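It should be emphasised that the depicted structure is a prediction, and the values quoted were computed from it without experimental measurement. When reading the values below, keep in mind they use all heavy atoms of this one structure, side chains included, and skip hydrogens, waters and symmetry mates. A note on names: the letters A, B, ... follow the listed sequences, proteins ahead of strands, and every chain is numbered from 1.
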Number of protein chains: 2
Amino acid sequence: MRSPEELTTAFRAAGLKVTPQRQLLFRLMHNNSAHPTADSLFAVASQQMPGISLRTVYQTLTDLTEMGELQAIEVGAGAMRFDPNVSDHHHAVCEVCGAVQDVYVNEAPELRGLDGFAVADAHIVYRGRCASCSAPAKRR
Amino acid sequence: MRSPEELTTAFRAAGLKVTPQRQLLFRLMHNNSAHPTADSLFAVASQQMPGISLRTVYQTLTDLTEMGELQAIEVGAGAMRFDPNVSDHHHAVCEVCGAVQDVYVNEAPELRGLDGFAVADAHIVYRGRCASCSAPAKRR
DNA sequence: TTTCTAATTTGCAACCATTGCTAATTAGCA
DNA sequence: TGCTAATTAGCAATGGTTGCAAATTAGAAA
Ligand SMILES: [Mn+2]
Ligand SMILES: [Mn+2]
Ligand SMILES: [Zn+2]
Ligand SMILES: [Zn+2]
């Protein structure tokens with residue numbers, strides 16, 4: 001996703017308004033590697049702008065996604081996650097704490113079973129334990 | 001997933017009852033490669049057993065999944081899909097008709113970015129057009 | 001600056017897939 | 001044939017998300 005400044009220009013050029021709500025969300029999503037849900041983003045946004053509505057957060061995230069500035073990813077954990085990293089990558093979801101981190105694959109594997117299926121996109125979801133949830137073997 | 005006969009034995013052995021509803025669902029899921037949702041299965045089941053409840057379909061699918069007879073897969077299309085093929089495989093989802101087909105990968109690719117993440121499971125979702133939706137280039 | 005209006009925001013109802021709850025029913029054993 | 005724990009059906013409730021309409025506002029034009 002582009003910087004808040006670039007998005008401001010791009011929005012105006014497209015005849016879209018740059019509202020304080022949008023500016024806040026531009027800032028909150030820029031360089032955000034937490035893969036937040038709409039709701040978790042709403043929680044943070046609300047602190048900085050009490051009264052902002054969850055509906056607006058959804059609306060803006062959807063708009064940015066349609067503009068190709070964000071990627072909406074589904075990691076099978078209830079809510080959609082939003083990702084300003086729109087490069088071709090995959091995700092690892094911690095089954096303990098729910099954290100989502102980026103995973104890159106060097107080369108796509110050979111496939112069997114696609115007879116005639118034209119692949120447009122692939123997304124891998126890894127499930128397991130993140131480093132901090134694996135680390136300190138708790139005693140008992 | 002095992003055959004309806006084997007499941008009947010297994011259920012009784014586990015102290016579970018073999019009801020007509022369960023028997024029907026055993027039959028409908030056995031060798032079913034359509035990756036149905038609870039609701040689509042309910043539609044089919046209802047024809048053969050009017051009055052069966054959606055709740056029972058969900059309940060039975062969940063039970064079978066917990067017993068390892070089915071796999072519940074999330075292809076990012078709203079509803080959960082249920083799969084009697086519990087072997088290690090992946091899925092291709094047609095963006096036109098919604099069909100889901102099995103995909104097998106020969107070897108897992110090398111990964112970058114998992115620092116310390118312990119992978120327990122991987123699931124790849126391919127998105128694109130299935131053979132029948134690609135095939136006949138419609139004239140216009 | 002003030003005015004104007006299309007775009008945006010809000011709040012709330014509605015939606016969908018799924019689960020919780022419980023009274024009524026029933027499989028399967030004694 | 002009776003007993004009872006397991007199951008079913010029905011419906012309310014949930015969580016995530018979207019539809020809708022009234023109120024507000026960014027930003028262009030006067
Ligand atoms: Mn990412
Ligand atoms: Mn499958
Ligand atoms: Zn973790
Ligand atoms: Zn298709």
A:K17 NZ - C:dT10 P separation (whole Å): 14 Å
Nucleotide nearest A:P20 when distance is taken to its side chain, options D:dA26, C:dT9, C:dT18: D:dA26
Donor-acceptor contact present, side-chain B:H90 to main-chain B:Y104, <3.5 Å: no
Passing option when A:H123 is tested against A:E74, A:H89, A:H91 for side-chain hydrogen bond (donor to acceptor under 3.5 Å, both in side chains): A:H91
Ring centers of B:F42, B:Y58 separated by less than 6.0 Å: no
Residues A:R2 and A:E69 bridged, charged N to O under 4.0 Å: yes
Check: B:S33 main-chain N/O paired with B:H35 side-chain donor or acceptor under 3.5 Å: yes
Nearest non-hydrogen partners of B:F117 and A:Y126, listed with the distance: CZ-O, 4.3 Å
Rounded distance (Å) that lies between atom C1' of D:dT18 and atom CG of A:L61: 14 Å
Residues which pass side chain to side chain donor-acceptor pair (under 3.5 Å) with B:N106, listed by chain and number, not counting sequence neighbours: A:E110, A:R112
Euclidean distance, atom CD of residue A:E66 to atom C1' of D:dT17 [Å, nearest integer]: 14 Å
Heteroatom pairs (N/O) under 3.5 angstrom, protein to nucleotides 28-30 of chain D:
none

Heavy-atom protein contacts under 4.0 Å, nucleotides 9-16 of chain D, coded B base, S sugar-phosphate only, - none: BBB----S
Degree of bending in the helix from C:dT1-D:dA30 to C:dA30-D:dT1 once both end axes are built from five pairs, to 10°: 10°
For atom CZ of A:F11 and atom C1' of D:dG27, their distance in whole Å: 15 Å
Pairing residues for B:R22 by the salt bridge (Lys or Arg N to Asp or Glu O under 4.0 Å) criterion, not counting sequence neighbours: B:D63
Spacing of A:R81 atom CZ relative to D:dT17 atom C1', expressed in whole Å: 16 Å
Sub-4.5 Å side-chain heavy-atom contact between B:V93 and B:Q101: no
Value in whole Å for how far the P atom of C:dC12 lies from CD of A:Q59: 18 Å
Between A:T65 and A:T62, a side-chain donor and acceptor under 3.5 Å: no
Nucleotide D:dT8, atom C1' - distance to CG of B:L25 in whole Å: 12 Å
Check: A:L111 and B:I124 side chains under 4.5 Å, non-hydrogen atoms: no
Interatomic distance, B:F26 CZ vs D:dT7 C1' [rounded to whole Å]: 12 Å
For A:R81 against A:A34, the heavy-atom pair lying closest together: NH1-O, 4.2 Å
Backbone of A:A120 reached by a side-chain donor or acceptor of B:R127 within 3.5 Å: no
Interface residues of residues 89-98 of chain B with DNA chain C (non-hydrogen, below 4.0 angstrom): none
Flag for A:T37-A:D39: side-chain donor and acceptor within less than 3.5 Å: no
DNA chain C: 5'-proximal contact among B:L16 and A:T19 (nearest heavy atom): A:T19
